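Because the structure is a prediction, the values reported are computed rather than measured.
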Amino acid sequence: MANYTIGDMVFESRTARGYSQEEISFGICATSSLSRIENSGQIPGRKIFEALMQRLGISDSLYSAYISKDEMEICKLIQELAWSLERLEFHKSEKIIEELEPMLGRNSNLEKQYISFAKANIYLYKTNDHEKFFEMLLEAIRMTMEDFEPGKGIERRLLTFHEITILDNIAIELYNGGKKEEGLKLLYELKGYMETHIIDEEEKARKYPLIIYNITTRLGAMEMHKDVYKLCDQAILFCVEHNKLVVLPYLLTNMASAAAELGMLGQAKELFEQAFTLFKVCKKDAIADEVRNNAFSLYSIELV
């Protein structure tokens, strides 16, 4: 009986989606390497396999049997690094990087990309130097997308989850640095990518609401309140359907502000109250207090 190999899975998934070898392998491995993988002449390293699966929109968790003990430890540390960055625990991030870097080999470009992204965030936290932070983000994304230039678009790209995260940060820095049109364009492109490509549902549930939040925060500052209201409503439904509550109170806050600006004060009060309660439940008391204070000072809406 013939064995069903990793190469078979990659080949069948790629051809079923109509992707070329060049599209899938770009920045991850040589096209010739992908060809050998698909023909069972080469077994990919864990990180290359993971990145290929991400661009194909497939969760790689089902195939963990192929991970060696060392690769499993690296994977665990990368995940811990991601969690520490999400929680803004930068001191912990530095310790994880110190442990992680000696474990990486010369061909660990994908792990090194995320470490570069982490170092950029640590640097920003320490210095508040946004200009250098932006340069570091560009260096990180160009480790797999060497021809990337802000403003040129990503419509024809296939992306890994780490690339999406880095591009999201680049978009925010573009907007905040005065290039509002370029920043919003990139955020909308990421939104469109998440909506039109086959992506692992768990990862989409983590990243998609955050991208919508980043878009609506910028649109709110531009007083595009109808767009904010509509997008927040869309993202809130998505969060509820996927049981993802982390970004939900932030979206509720943006939607409440948009409702208030549009004169829907009754609905705004209800949305502010929901956001306030969720922040309290999540033990984010300082943000909850900020929501309550802003609701009153900006819109004369009093929250209990």
Side-chain angles (χ1 to χ4, degrees), residues 9-35 37-38 44-45 47-60 78 82 108-118 120 134-175 177 179-215 218:
M9 180 178 61
V10 173
F11 173 78
E12 290 180 9
S13 300
R14 178 179 65 78
T15 54
R17 288 158 174 74
Y19 297 153
S20 69
Q21 288 184 330
E22 289 77 12
E23 287 177 307
I24 296 299
S25 63
F26 184 79
I28 294 176
C29 63
T31 306
S32 57
S33 296
L34 177 57
S35 182
I37 290 168
E38 291 187 343
K47 198 62 182 177
I48 288 178
F49 177 61
E50 178 185 80
L52 292 172
M53 290 296 97
Q54 289 176 8
R55 287 191 176 173
L56 288 167
I58 300 171
S59 172
D60 60 326
I78 288 285
S108 302
N109 206 38
L110 294 162
E111 290 96 341
K112 289 175 181 176
Q113 180 184 55
Y114 193 72
I115 290 174
S116 295
F117 169 70
F134 183 66
E135 291 176 5
M136 294 173 76
L137 290 176
L138 289 179
E139 288 175 7
I141 198 63
R142 286 170 180 160
M143 294 175 76
T144 55
M145 298 168 61
E146 60 184 21
D147 60 343
F148 174 80
E149 290 294 338
K152 286 193 174 180
I154 58 167
E155 294 92 341
R156 298 182 180 273
R157 304 278 190 179
L158 293 175
L159 304 173
T160 67
F161 302 148
H162 288 335
E163 286 170 334
I164 291 171
T165 298
I166 298 169
L167 289 169
D168 183 50
N169 279 258
I170 287 173
I172 292 169
E173 288 302 305
L174 283 169
Y175 183 94
K179 298 182 178 180
K180 295 184 178 181
E181 186 175 337
E182 287 184 19
L184 266 178
K185 179 176 181 289
L186 182 51
L187 284 172
Y188 269 106
E189 286 176 350
L190 289 171
K191 173 181 176 289
Y193 184 91
M194 301 291 282
E195 292 170 345
T196 58
H197 286 70
I198 300 172
I199 297 175
D200 173 58
E201 281 299 314
E202 181 64 24
E203 198 65 28
K204 181 177 180 179
R206 291 179 64 241
K207 291 189 175 0
Y208 183 70
L210 181 59
I211 290 170
I212 299 292
Y213 170 73
N214 287 333
I215 291 173
R218 275 83 205 162

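- Tyr208 approaches Glu195 most closely through the heavy-atom pair OH-OE2, 2.5 Å.
- Within 6.0 Å of atom CD in Glu181, 12 or fewer heavy atoms from other residues, nucleotides or ligands are found, so the atom counts as exposed in its surroundings.
- For the residue pair Ile211 and Leu187, the shortest heavy atom distance occurs at CG2-O, 3.7 Å.
- Annotation: Phe11, atom CZ; neighbour count of heavy atoms from other residues, nucleotides and ligands within 6.0 Å does not exceed 12.
- Residues satisfying the side-chain hydrogen bond (donor to acceptor under 3.5 Å, both in side chains) criterion with Glu189, sequence neighbours excluded, are Lys185.
- Here Arg17 pairs with nothing under the salt bridge (charged side-chain N to carboxylate O under 4.0 Å, His left out) rule; sequence neighbours left out.
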- Task: Apply side chain to side chain contact (heavy atoms under 4.5 Å, CB included) to Tyr188 and Leu184, showing your working.
- Result: CA-CA 6 Å; Tyr188 269 106; Leu184 266 178; 4.2 Å; yes
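- Although no hydrogens or angles enter the test, the distance criterion places a donor-acceptor pair under 3.5 Å between the side chain of Lys204 and the main chain of Met194.
- For Ser25, the side chain to side chain contact (heavy atoms under 4.5 Å, CB included) test picks out Cys29, Thr31, Leu34, with sequence neighbours left out.
- Between the Asn109 side chain and the Met143 main chain, a donor and an acceptor come within less than 3.5 Å of each other.
- Scanning both residues, Arg157 and Leu159, for their nearest heavy atoms gives CB-CD2, 3.8 Å.
- Looking only at side-chain heavy atoms (C-beta outward), Leu110 and Glu50 stay at 4.5 Å or farther from each other.
- For Arg218 (side chain) and Asn214 (main-chain N/O), a donor-acceptor pair under 3.5 Å exists by modelled atom type.
- In this structure, Gln54 CD and Ile164 CD1 are separated by 8.0 Å, a value rounded to the nearest 0.5 Å.
- There is a side-chain donor-acceptor pair under 3.5 Å between Glu38 and Gln21.
- A search for ring pair (Phe, Tyr, Trp, His ring centres under 6.0 Å) contacts involving Phe148 returns nothing, not counting sequence neighbours.
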- Would you sort out whether Glu149 and Arg142 count as a salt bridge (Lys or Arg N to Asp or Glu O under 4.0 Å), showing the intermediate values? CA-CA 9 Å; Glu149 290 294 338; Arg142 286 170 180 160; 3.3 Å; yes
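- Heavy atoms of other residues, nucleotides or ligands lying less than 6.0 angstrom from CD of Glu146 number 12 at most.
- Closest heavy-atom contact between Leu52 and Ile28: N-CD1, 4.2 Å.
- With sequence neighbours excluded, the residues satisfying ring pair (Phe, Tyr, Trp, His ring centres under 6.0 Å) with Tyr193 are His197.
- Atom CG of residue Asn169 and atom CG of residue Leu138 lie 11.5 Å apart, to the nearest 0.5 angstrom.
- Contact detail for Leu158 and Glu163: the closest heavy-atom pair is O-OE1, 3.8 Å.
- Heavy-atom contacts from other residues, nucleotides or ligands closer than 6.0 Å to NZ of Lys179 number 12 or fewer.
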- What's the verdict on side chain to side chain contact (heavy atoms under 4.5 Å, CB included) for Leu210 and Asp168, showing C-alpha distance, side-chain angles and the deciding distance? CA-CA 9 Å; Leu210 181 59; Asp168 183 50; 4.2 Å; yes
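- Applying the ring pair (Phe, Tyr, Trp, His ring centres under 6.0 Å) test to Tyr114 and every residue at least two apart in sequence or in another chain returns Phe117, His162.
- When every heavy atom of Leu56 is checked against every heavy atom of Val10, the shortest pair comes out as CD1-O, 4.1 Å.
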